[in-house]
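Structure first, commentary second.
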Amino acid sequence: MRKLIIAEKPSVGHSISKVLGISKKGKGYIENDEYIVSWCIGHLIGLAEPESYGEEYKKWDKLPIIPSHWNYVIKTNTGEQFSIVKKLMNDTDVSEVICATDAGREGEIIFRHVYNMSKCSKKIKRLWISSLEDSAIKKGFENLKDGDYYENLYQSALCRERADWLVGINATRFFTTLYNSDKALSIGRVQTPTLAMLVKRDNDIKNFVKEKYFTIEMNCGEFCAYTDKIMFEEKAKLLLDSCKIGRAKVVDIVKEEKKINPPKLYDLTTLQRDANRIFGFTAQQTLESVQRLYDNKLLTYPRTDSQYLTEDMEDTARDVIEILKSITDFTKNTDYKANIKPVMNNKKVSDHHAVIPTVNIISTNLSELLDTDKRTLYLTAARLLTAAAEKYVYENTVVTLKCNDIVFKAKGKTVINKGYRQIDDNFFDFIRYKPEKTEEEKNLPSIQLGDEYNITSKIVEHYTQPPKPYTEDTLLSAMERAGNSSYDTDDIERKGLGTPATRAGIIETVISRGYAERKNKQIIPTEKGKKLVECVPEKLKSAKMTAEWENRLVLIAKGKSDSEEFMNDIKAFIKEIVSDSKSLTTDMSIFSDREVIGKCPRCGSNIYESKLNFHCSNKDCNFALWKKNYFFQMKKKELTKPTAKKLLSDGKVHFKDLYSEKTGKTYAADVLLDDTGTYVNFKLNFEKKNKEC
């Protein structure tokens, strides 16, 4: 009997096979006498379309769609590989199945769907590793766990998948039909709150009213000192009159040594943020890059939300640091001694530790890597070195002076130990990057208490600044912090919009669907995106609520929350969304590209042309002008688009050749639109008009 190993991708399957000494190749698998290694190709199985639950769901206005059971389908482009895996899973020669998909929520569901669709009932073991290094794979196989241990993780993945389907399908269909949109209005559990954040920031910028304020600058010769902020110009002028020219005396000197800890190691989100800020990479580009580096055994598992290493990794971290010191100049001009302890914390590592390079970096020709991958790898290398470096130490000096009882302050900053910042500087020099200026070292001259200076002063005008548009860096940060009022503490449960593994895809979805666009590094909502946010209810675009849902998914994975209760809440939410449109905008045509024929005489909504009539876009209004109309047929006329436009704009249209059934002749008259509110009627007016149709 043999054991079947299922990896997530062919490349991972080949890495495992190499470590286990498996070399005999078959179609879609590799084998020896002890093991068979096969693989998925990402998601082989997916949720079925709504029509699979009944023909009536082909109509988009048949809502809500809440399946009592869930249908899954085999993806057509990977069906052949699924057939291979299914056959292997049910092979009588296979005694147990080892799940070796990526060690995370999505990796778990990829395997479970294939296992369930194959109707396999064999015992499951789980390989859980954070690196594709040979040593990590060997150690992982020495510590396989029972598949049941990850049941809660699977339930969390199911809830995520089904909640996204329910919200996406129902909300998209509901709002698309409600607003008569010519194209689907894509609504998502996470993408819509993300778009709402972009729109809010755009509105904040456009509605920002800058305010002027003032300070008084006092020139003491060798240095300058300043007053606090002054809001009114009149007050600033009065103060200036007292100290425009004169003498100032030092009344206080405060010196304080400050220490700044090195940055933490990278989790995926902070890595994506820095790659965007420094290199201009999109979050998706960084995700693809770190995935390639992981597959090539140069980085540890990237889809992590931890910024720490486990304590048993100390020797590994030291080995990697020594390699990085030997192959880079990032530690030059420093007396570098790695302090590993601050980056070790078992309590702050859940599924995976922080992203760091592997020892394989020393045996790899880095010049052969893609430029994107090379820069990403160097970025993670520099972060490991800085995280284990010394603190940045400086002395702050605040000098208080008085001139005619008006208080001025001069500030100085002297660096005592550059610490980790020297490594940052070396790295930035290496990649030829000029960071934005931070507070620079600013030395004050020797100043003693009681010193006096001849001074001249002037008023300096300042203006408050509007918030900046989101970049991918700041948007990722906002998504990560959504739902948390005080995120910068290590002991809180991380909520946020999406997960580190999904945020890049969410941003790409919002952009690809035309709701936002990139302008240089900025991400700006489009008019279409603004309209969408305007027309959906608050509960569907609430970042806080979506973050709470994400937190519940995390708790389900930990066995601390109930999956059935979560799904019941999602179903109730969907029913509420599709049954309540009273609070929505009344303009039901804001997403239509069709020509507006006119305004409805009953409700004021837009009138559109269809094959049979000219109808009101408001579904609660029954007004329509039918093309095959008895009145016009009797007059041997057609109710054409120009005629409909004239009737809707002027309430009448003039004809010079209306047919009379009584006389068989034609005559001239105005046709008047006479709408009773229930019925559409037409009347004749024989007063001569100049305008004809």
For this session: Can you measure from OG1 (Thr286) to CD (Gln284) and round to the nearest 0.5 angstrom?
Result: 9.0 Å

Exercise. Is any side-chain heavy atom of Phe631 less than 4.5 Å from a side-chain heavy atom of Leu639?
Worked result: no

For this session: Answer yes when Arg518 and Glu508 have at least one side-chain N-carboxylate O distance shorter than 4.0 Å, and no when they do not.
Result: yes

Exercise. What do the steps show when you test Arg513 against Gln191 for side chain to side chain donor-acceptor pair (under 3.5 Å), and what is the final call?
Worked result: CA-CA 11 Å; Arg513 289 177 176 162; Gln191 79 175 54; 3.0 Å; yes

Exercise. Got a second to check how far Asn276's CG is from Leu271's CG, nearest 0.5 Å?
Worked result: 11.0 Å

For this session: Would you give the length of the straight line joining atom CZ of Phe623 to atom OG of Ser605, rounded to the nearest 0.5 angstrom?
Result: 11.5 Å

For this session: Taking only Lys NZ, Arg NE, NH1 and NH2, and the carboxylate oxygens of Asp or Glu, determine whether Asp657 and Lys637 approach each other closer than 4.0 Å.
Result: yes

Exercise. Are Ile109 and Arg105 side-chain neighbours, meaning at least one heavy-atom pair lies under 4.5 Å?
Worked result: no

For this session: State whether the side chain of Ser617 and the backbone N or O of Ile607 hold a donor-acceptor pair below 3.5 Å, judged by distance alone.
Result: no

For this session: Please work out which of the three classes, parallel, tilted or perpendicular, describes the rings of Phe632 and Phe655, given edges at 30° and 60°.
Result: perpendicular

Problem set entry | Ser118 side chain to Val114 backbone, donor-acceptor under 3.5 Å | yes

Problem set entry | Heavy-atom pair of closest approach, residues Arg503 and Thr269 | NH1-OG1, 2.9 Å

For this session: Please confirm whether the backbone N or O of Ala184 pairs with a side-chain atom of Thr176, one donor and one acceptor, at under 3.5 Å?
Result: no

Problem set entry | Lys627 side chain to Ser610 backbone, donor-acceptor under 3.5 Å | yes

Problem set entry | Whether over 12 other heavy atoms sit under 6.0 Å from Lys521 NZ | yes

Exercise. Looking at Lys528 and Glu517, does any basic side-chain N land under 4.0 Å from a carboxylate oxygen?
Worked result: no

Exercise. Where is the tightest heavy-atom contact between His654 and Ala669, given as atom of each residue plus distance?
Worked result: ND1-O, 3.4 Å

Exercise. Rounded to the nearest 0.5 Å, how far apart are NZ of Lys558 and CD1 of Ile556?
Worked result: 12.5 Å

Problem set entry | For Pro64 against Val578, the heavy-atom pair lying closest together | CB-CG2, 3.9 Å

For this session: May I ask you to decide whether Glu55 forms a salt bridge with Lys58, counting only side-chain N to carboxylate O separations under 4.0 Å?
Result: yes

For this session: To the nearest 0.5 Å, tell me how far Met634 CE sits from Phe682 CZ.
Result: 14.5 Å

Exercise. How far does CG of Leu684 sit from CG of Leu658, to the nearest 0.5 angstrom?
Worked result: 6.5 Å

Exercise. Has the side chain of Thr172 got a donor or acceptor atom that lies under 3.5 Å from a matching backbone atom of Ile169?
Worked result: no

Exercise. Are Thr464 and Phe208 side-chain neighbours, meaning at least one heavy-atom pair lies under 4.5 Å?
Worked result: yes

Problem set entry | Geometric cation-pi criterion Lys212 and Phe214, 6.0 Å radius, 45° cone | no

Exercise. Do Ile511 and Ile507 come close enough that some side-chain heavy atom pair is under 4.5 Å?
Worked result: yes

Exercise. Centre of Tyr154's six-membered ring, under 6.0 Å away, within 45 degrees of the axis: is that where NZ or CZ of Arg112 sits?
Worked result: yes

Problem set entry | Heavy-atom side-chain proximity of Leu540 to Phe175 below 4.5 angstrom | yes

Exercise. Between Thr471 and Thr474, do the side chains contain an N or O donor and an N or O acceptor separated by less than 3.5 Å?
Worked result: yes

Exercise. Where do Lys530 and Glu527 land on the salt bridge (charged side-chain N to carboxylate O under 4.0 Å, His left out) test, with the steps shown first?
Worked result: CA-CA 5 Å; Lys530 294 175 189 177; Glu527 288 304 313; 3.3 Å; yes

Problem set entry | Nearest heavy-atom neighbours spanning Pro525 and Asp202 | CG-CB, 3.6 Å

Problem set entry | Atom CD of Glu564 with >12 non-hydrogen neighbours under 6.0 angstrom | no

For this session: Report yes if the side chains of Val167 and Ile574 come closer than 4.5 Å at any heavy-atom pair, otherwise no.
Result: yes

Problem set entry | Donor-acceptor side-chain pairing of Thr177 and Asp61 below 3.5 angstrom | no

For this session: For Asp670 and Leu672, indicate whether the former's side chain and the latter's backbone hold a donor-acceptor pair under 3.5 Å.
Result: no

Exercise. Just by distance, do the side chain of Ser542 and the backbone of Glu538 share a donor-acceptor pair under 3.5 Å?
Worked result: no

Seminar exercise, completed: Test side-chain contact (heavy atoms from CB on, under 4.5 Å), reference Pro601, set Val680, Leu647, Leu648, output is Leu648

For this session: Hey, can you tell me if Phe686 and Tyr667 have their rings parallel, tilted or perpendicular (30° and 60° cut-offs)?
Result: tilted

Exercise. Distance-only, no hydrogens or angles: does the Gln81 side chain make a donor-acceptor pair with backbone N or O of Thr78 under 3.5 Å?
Worked result: no

Exercise. Does Arg201 make a cation-pi contact with Tyr470, if we ask for NZ or CZ under 6.0 Å from the ring centre and within 45° of the axis?
Worked result: yes

Problem set entry | Within 6.0 angstrom of Glu80 CD, more than 12 heavy atoms from elsewhere | no

For this session: In plain terms, say whether Arg303 and Glu106 are close enough for a salt bridge, that is, a side-chain N and a carboxylate O under 4.0 Å apart.
Result: no

Problem set entry | Basic-acidic side-chain contact under 4.0 Å: Arg189, Glu550 | yes

Problem set entry | Whether Lys641 side chain and Ile597 backbone form a donor-acceptor pair below 3.5 Å | no

Exercise. Step by step, would you call Arg173 with Glu49 a salt bridge (charged side-chain N to carboxylate O under 4.0 Å, His left out)?
Worked result: CA-CA 13 Å; Arg173 290 188 170 204; Glu49 293 297 320; 5.4 Å; no

Problem set entry | Asn207, CG atom: more than 12 neighbouring heavy atoms under 6.0 Å | yes

Exercise. For the residue pair Tyr608 and His615, does the interplanar ring angle fall in the parallel (under 30°), tilted (30 to 60°) or perpendicular (over 60°) class?
Worked result: tilted

Problem set entry | Backbone of Asp473 reached by a side-chain donor or acceptor of Ser477 within 3.5 Å | no

For this session: Check whether any side-chain heavy atom of Leu158 sits under 4.5 Å from a side-chain heavy atom of Gln155, and report yes or no.
Result: yes

For this session: Please tell me if the side chains of Glu161 and His43 come closer than 4.5 Å, counting only heavy atoms from C-beta onward.
Result: no

